[in-house]
Amino acid sequence: MLSSTRCPCFHLINSIFSSNSNFKALRHMIRSQTRCLHNQSDPQSLSNAFYNHHNFQSQHNPHSLLSSVIRSTTLCASIPICQLIHSRVVKCLNYNDGFIGDRLVSLYARLGSIKDAHHLFDEIPNKDLVSWNSLISVFCQKGEVSLSLNAFYRMRHEYEMNPNEITLISLIPACEILEGSYLHGFAVKNGLLSETKVLNSLINMYGKFGHLNMSSKLFDTIKSPNLVSWNSIINVHIQSGLMEDSISYFNSMRRVSIYPDQATIVTILHGCANIGVGKLVDIFHGNILLSGLDKNIPILTTLLTVYAKSGRLSDSSELFKQMKNPDTIAWTAMLAGYAIHGYGKQAIEHFNLMIQKGLKPDHVTFTHLLSACSHSGLVNEGQHFFNIMSSVYGIEPRLDHYCCMVDLFGRSGRLKDARVLIDCMPMEPNSGVWGALLNGCKVYNNIELGEEVARKLFTLSPLDSRNYIMLSSMYSKAGRWGDFSKVWGLMKSKNLVRTAGCSFIEHEHKVYRFVVSDKSHVDFVRIYDKLDEVMGKIQEVGYTLNREFVLHDVEEVKDDMVGEHSEKLAIAFGLLVCNEKMPIVIMKNLRICGDCHNMAKFVSLVEKREIIIRDTKRFHHFSHGLCSCGDYW
């Protein structure tokens, strides 16, 4: 007999026929039905099995037929079974019995058969508001916004049905700003704006598209905001990078005796991670302890992720050790922390321990594991884990995994292997995969392959300025200024601009931002004096300015441009204001350039300070003249 764990419908059938009477006969029927359910390639056998089952029920317990069909719709996981249930409903029941018609519509849509769902809905007689709301909701969940809006129009104009607040809270989250504004007007006109749930949906919708003033105005109209309201207004401000405003709302929420839940804390912590506000993280860690949420695994997982992204990997690791029964997501989050800090060997040890504990890795786990191997130059290990993904763990490689492997080969100089791997991919490579190869071409000055890859990227992502910058930097390094000018001319013709590099550093609960040659800080004179002093010291011990990292062929401006990069200004500011016993932690919005990387190593040696710089790729820990990346990034 096939294992009952393979088919959820087995438990349903078994429970229906659990009485002692006719047990032998029923047991035979259960076995045959279970075998048929697994043989979904034979619709006739499925039909016979369900027909016999429901025929037996109608004879012995006709009132249970409806309940068993309803339960079948909740357990069904395939179109053939859904069609089978549908056929039994047509023969034995009425679509309006127990809303079974609506349930089947939702089931078809949930399983991806939108066309069947639509046709069935049109066949259902006497459709009420629940039917329409169910259809609109499931279409929105499947991303079929146009069909949802069409249903909204039909229910009003063809069937003269008045939508209610349930209709709107299903539609609004799926809409773009134009449709959402229309629904806002509809809510005002029909008196539905008094419903807090509708207002919460509108707050999220406007915030998602950057209309924070409207979100705030709607929030202010709520007489007694509930926890969802507060979470919504906090979240939209964090999404827009307005951390200070979100904290203000959080404090206001506490003042009216509404206490945060998991969603509140996770949202705030993600905001802290995005801007690297370490001290604020400590405050919320204390809040978690006081709120009794220190046993909540999702919250602790987010907290350890934030610590890792703030450069405090040791705190992240300590928090993980204190967690009781961490799940796969928590284990993966800790592994991701090792990966972004470039600690490949520790990531592998962590993965092996995870397996020993009996946890099953998923595709996200392997993405971070391969990334850790890539950032640490562990080519053989990366290849091993890539191979056992499918052979041992049954996880077929996805685009992210191929991207990590191409990056791994590219960073180690094995550009031909990377190109062969791309050619062997079972799916079309995306811009992430080609971008990883282009980066390898840049590192190893392979202009011929780089040009080929760049052309593919220009086709795939014509408006991504990073690809043009990458190719132009290769030309700049090779002194091919004519080709360099052509690439920049192409960028100009597409109205593309280079993202300005900026560095962030926290001091006394405030985050300071620096750009190249920045003189906006109130103490910029002291900062530049400190920078001149430090540059003089490190030049005495062997540092020389590397001007190739400026994409310009005017020699006289190169020294100033490189010497006043945002990272250097942030380091000088950190040396002035940060406690000597604490590391200087800097966040960079772009990848750190080679000269700033070299400068940070020398500063850590001369000033005897630990410097941590997080760029878009990873963390760099500078200490005693060395970097944790081993100059491999």
Side-chain angles (χ1 to χ4, degrees), residues 238-239 241-244 246-247 250 264-289 293-294 298-323 329-330 332-343 346-347 350 368 371-372 375 502-514 566-567 570-571 573-574 577-592 600 604 609-623 627-629 633:
I238 286 179
Q239 287 177 345
L242 300 175
M243 192 69 190
E244 189 173 341
S246 66
I247 296 299
F250 178 83
T264 321
I265 299 297
V266 168
T267 299
I268 292 283
L269 288 176
H270 278 307
C272 294
N274 291 336
I275 62 173
V277 186
K279 293 181 180 178
L280 192 57
V281 178
D282 291 333
I283 293 172
F284 275 97
H285 192 170
N287 188 280
I288 291 169
L289 296 173
L293 297 172
D294 55 318
I299 287 179
L300 294 180
T301 300
T302 305
L303 183 60
L304 74 84
T305 299
V306 175
Y307 275 135
K309 288 185 175 181
S310 300
R312 298 162 59 177
L313 187 62
S314 59
D315 290 333
S316 183
S317 178
E318 186 62 31
L319 180 62
F320 179 80
K321 292 176 183 177
Q322 296 173 6
M323 294 173 65
I329 298 174
T332 299
M334 190 65 245
L335 195 155
Y338 288 124
I340 61 173
H341 283 265
Y343 295 136
Q346 290 89 330
H350 182 80
H368 292 300
S371 176
H375 287 308
C502 53
S503 299
F504 303 87
I505 181 170
E506 180 187 4
H507 175 57
E508 293 184 347
H509 306 289
K510 185 176 179 180
V511 177
Y512 293 87
R513 174 179 178 269
F514 292 93
S566 63
E567 300 98 312
I571 289 173
F573 177 73
V577 302
C578 293
N579 189 313
E580 293 183 1
K581 297 181 180 179
M582 300 298 294
I584 298 171
V585 182
I586 297 168
M587 305 294 169
K588 177 75 186 292
N589 71 325
L590 301 175
R591 190 180 179 199
I592 185 173
S604 71
R609 297 292 297 271
E610 181 182 2
I611 301 171
I612 300 174
I613 298 180
R614 169 188 158 192
D615 65 10
T616 55
K617 292 292 184 181
R618 57 168 295 160
F619 275 91
H620 300 265
H621 295 252
F622 301 94
S623 181
C627 179
S628 61
C629 74
W633 88 104

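Summarising the geometry of Ala330 relative to Thr301, their closest heavy-atom pair is CB-OG1, 3.4 Å, with the distance given to 0.1 Å. The two residues Ile340 and Ala308 make their nearest non-hydrogen contact at CD1-O, 4.1 Å. Listed here is the closest heavy atom pair of Pro583 and Ile612: CB-CD1, 4.1 Å. Here the closest non-hydrogen pair linking Val281 and Leu303 is CG1-CD1, 3.7 Å. Residues Ile584 and Ile571 approach most closely at CD1-O, 4.3 Å, considering heavy atoms. The nearest pair of heavy atoms linking Ile586 to Ser503 is CG2-CB, 3.8 Å.
Between atom NE2 of residue His621 and atom CD1 of residue Ile611 there is a gap of 12.5 Å, rounded to the nearest 0.5 Å. Summarising the geometry, atom OG1 belonging to Thr302 is positioned 9.5 Å from atom NZ belonging to Lys309; distances are rounded to the nearest 0.5 Å. Going from atom CZ of Arg618 over to atom OG of Ser371 covers 9.0 Å, rounded to the nearest 0.5 Å. We find the NE2-OH distance between His507 and Tyr512 to be 5.5 Å, quoted to the nearest 0.5 Å. With rounding to the nearest 0.5 angstrom, the CG atom of Leu293 is 8.0 Å from the CG atom of Asn287. In this structure, CD1 in Ile238 is found 6.0 Å from OG1 in Thr267, a value given to the nearest 0.5 Å.
Judged by distance alone, with hydrogens and angles left aside, the side-chain atoms of Ser316 form no donor-acceptor pair with the main-chain N or O of Arg312 at under 3.5 Å. The closest donor-acceptor contact from the side chain of His375 to the backbone of Cys629 lies at 3.5 Å or more, if one exists at all. A donor-acceptor pair under 3.5 Å links the side-chain atoms of Asp615 to the main chain of Ile592, judged by distance alone. Put simply, the side chain of Arg591 never gets that close to the backbone of Thr616: no donor and acceptor are under 3.5 Å apart. Looking at Ser246, its side chain does come within 3.5 Å of a backbone N or O of Met243 through a donor-acceptor pair.
Taking the centre of each ring, His350 and Phe320 come in below the 6.0 Å mark.
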Check your understanding: What do the steps show when you test Tyr338 against Phe619 for ring pair (Phe, Tyr, Trp, His ring centres under 6.0 Å), and what is the final call?
Key -> CA-CA 10 Å; Tyr338 288 124; Phe619 275 91; over 10 Å; no

Check your understanding: Can you list the steps and then say if Ile268 with Ile247 is a side chain to side chain contact (heavy atoms under 4.5 Å, CB included)?
Key -> CA-CA 8 Å; Ile268 292 283; Ile247 296 299; 4.2 Å; yes

Practice item. Decide yes or no on side chain to side chain contact (heavy atoms under 4.5 Å, CB included) for Cys578 and Ile505, but give the supporting numbers first. Key: CA-CA 10 Å; Cys578 293; Ile505 181 170; 4.3 Å; yes

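Salt bridge annotation for Lys588-Glu567: present, with a cationic side-chain nitrogen under 4.0 angstrom from a carboxylate oxygen.
The side chain to side chain contact (heavy atoms under 4.5 Å, CB included) test applied to Ala336 returns His368, not counting sequence neighbours. Taking the side chain to side chain contact (heavy atoms under 4.5 Å, CB included) definition, one finds that Cys502 meets it with Phe504, Arg513, Val515, Asn589, sequence neighbours left out. Residues passing the side chain to side chain donor-acceptor pair (under 3.5 Å) test with Thr264 are Asn231, Asp261, sequence neighbours excluded. Under the side chain to side chain contact (heavy atoms under 4.5 Å, CB included) criterion, Glu244 pairs with no residue, sequence neighbours left out. A search for side chain to side chain contact (heavy atoms under 4.5 Å, CB included) contacts involving Lys581 returns Asn579, not counting sequence neighbours. Scored by the side chain to side chain donor-acceptor pair (under 3.5 Å) test, His285 finds Tyr307 as partners (sequence neighbours excluded).
The side-chain contact (heavy atoms from CB on, under 4.5 Å) with Leu319 is formed by just one residue from the set Thr305, Asp294, Leu300, Val306; it is Leu300.
In this structure, the side chains of His341 and Ser628 stay at 4.5 Å or more apart for every pair of heavy atoms.
By the 6.0 Å contact criterion, CD1 on Ile329 is open, its count of non-hydrogen atoms from other residues, nucleotides or ligands being 12 or less.
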